[in-house]
Amino acid sequence: MHTAQELVQLEHRYGATNYKPLDVVINRGEGIWVWDVDGKQYIDFLSAYSAVNQGHCHPRIAAAMKEQIDKLTLTSRAFRNDQLGLFYQELCELTNSTMVLPMNSGAEAVESAIKAARKWGYYEKGVPEGLAEIIVCKNNFHGRTVTIVGFSTEAQYRDGFGPFTPGFRIIPFGDPQALEAAITPNTVAFLVEPIQGEAGIIVPPEGYLREVRRICTEQNIAMITDEIQTGLGRTGKMLAEEHDGVEADLTLIGKALSGGFYPVSAVLSNKEVLGTFQPGDHGSTFGGNPLGAAVARVALKVLVEEGMIENAAKMGNYLMSSLGEIDSPYIKEVRGKGLLIGLELHPEAGGARRFCEALQQRGLLCKETHDHVIRFAPPLVIQKDAIDWALEQIEPVLTN
Ligand SMILES: *Cc1c(COP(=O)(O)O)cnc(C)c1O
């Protein structure tokens, strides 16, 4: 058996250094818990950036995956498989959608939506070829492909990776007037996160998405919500856009769509936009494969049947109000929705990283986002006693 230190050294020696993880080497997970190779137990307060909303190694999802693995894993879309149609139907019923495009990673879902919106713009809206514009927000995070980082406002995500795909305009987040002002006859879509996760859990003003919906409808542009992080129960609703009572024209989900077992993402859409795709327009070897579809079907079922979405709302309120009661000179603001919570520190606190390292020592795994925000996003199965225990660890770290 290798020691934790040896395993870390192997990563340093052979791995690309595009991440700087906490030095905790995990080899087992169950529900909200993970264990490192030395047997130390932690609560996971990150949930793989909300990809394990259902908790680690959920037994029903694991069983479905094992069963499907012995039957059929991949046919490619050259042939049909017996899981895909059922996956579409169940996903549409749960999200009130009418059409689905299955992909794998979140970034692929974003890229697919960009292609669909552009094609819709040219073929349905009549935008002159080559001129389509998509409006995006400052501090957005939509993934890491060249096109997507090309419209990031984060210097590090872009630097050294150009030239970039043209056709994007950037406006401030949470500002409907800015959206209205940026629209031109060539605008085909507005792409937005209901809450900006990677930017530091930035919650827009109340009613923002309702205003966005109104403007997009009036101006005939496709509203695209990136719910890859906010979706699937994380904020206490199946989709975060439900808090505003709106439906986007395209909604992107990924991450927890498989409960963290396998990369599965999807573009949910009305027929008008995705309906412009013709056979051969777009594709993916693994997108819609029977293993991913079988896993996602059960991952969705357990979210609903085991009450995880309601639990996220209830436990999220409890965690957020309890964090708000901590009397600490370091805390600037606590914000979020459901179990997607950001705790912003004053710059004088010296950065969030050292607090995350102190919490790791106490058995709580979380990650700083940008320099001054700690994200608290445990699996949606967390119960009050575990939150109370976590608070007993968080409070001393923030008050010492
Ligand atoms: C994680 C994330 C993505 C990218 O998903 P990948 O699976 O890492 O490609 C896109 N948008 C949002 C909002 C995300 O949180």
Side-chain angles (χ1 to χ4, degrees), residues 16 18-19 21 46-53 101-117 134 136-154 156-158 161 168 170 173-174 189-204 208-209 212 223-235 237-241 243 248 250-268 284 286-287 289 292 295-296 299 336-342 366-370 373 375-377 380:
N18 57 326
Y19 277 94
L46 181 65
S47 310
Y49 301 94
S50 298
V52 288
N53 285 359
L101 173 76
M103 296 296 283
N104 310 285
S105 68
E108 284 175 301
V110 175
E111 290 272 352
S112 303
I114 290 169
K115 288 175 75 175
I134 295 176
V136 300
C137 289
K138 196 165 168 255
N139 297 322
N140 69 72
F141 182 81
H142 299 289
R144 300 289 203 151
T145 65
V146 169
T147 290
I148 294 170
V149 299
F151 58 78
S152 172
T153 56
E154 187 69 27
Q156 199 196 353
Y157 296 174
R158 298 167 49 92
F161 300 125
F168 298 92
I170 299 164
F173 178 65
F190 176 51
L191 168 63
V192 65
E193 299 156 84
I195 293 173
Q196 289 187 322
E198 297 316 295
I201 321 297
I202 310 296
V203 184
Y208 174 57
L209 288 188
V212 167
M223 172 176 175
I224 310 173
T225 46
D226 180 345
E227 297 243 20
I228 292 166
Q229 188 160 159
T230 56
L232 305 175
R234 176 52 58 188
T235 69
K237 299 270 189 197
M238 177 60 89
L239 298 172
E241 63 195 44
H243 289 288
L250 300 104
T251 299
L252 315 178
I253 55 175
K255 294 203 165 111
L257 186 49
S258 70
F261 280 73
Y262 195 83
V264 182
S265 67
V267 179
L268 308 172
S284 160
F286 278 82
N289 72 77
V295 167
K337 220 170 231 171
L339 281 170
L340 184 60
I341 299 173
C366 50
K367 186 76 167 68
E368 77 275 12
T369 165
H370 288 277
V373 181
R375 168 172 21 202
F376 293 121
L380 310 185

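Counting starts at 1 for both ligands and their atoms, following the listed order. Start at 1 with the first residue, then count along the sequence.
Partners of Phe261 according to the ring pair (Phe, Tyr, Trp, His ring centres under 6.0 Å) rule, which considers only residues two or more places apart in sequence or in another chain, do not exist here. Evaluation of the side-chain hydrogen bond (donor to acceptor under 3.5 Å, both in side chains) rule for Glu368 yields Arg353 as partners, not counting sequence neighbours. Residues passing the ring pair (Phe, Tyr, Trp, His ring centres under 6.0 Å) test with Tyr49, sequence neighbours excluded: none.
Listed as neighbours of ligand 1 are Ser105, Gly106, Ala107, Phe141, His142, Gly143, Glu193, Asp226, Ile228, Gln229, Lys255, each bearing a heavy atom under 4.0 Å from the ligand.
The side-chain heavy atoms of Leu232 and Leu380, taken from C-beta on, include no pair separated by under 4.5 Å. Side-chain atoms of Leu209 and Met223, non-hydrogen and from C-beta on, do get closer than 4.5 Å to each other.
A donor-acceptor pair shorter than 3.5 Å can be found between the side chains of Thr225 and Thr251.
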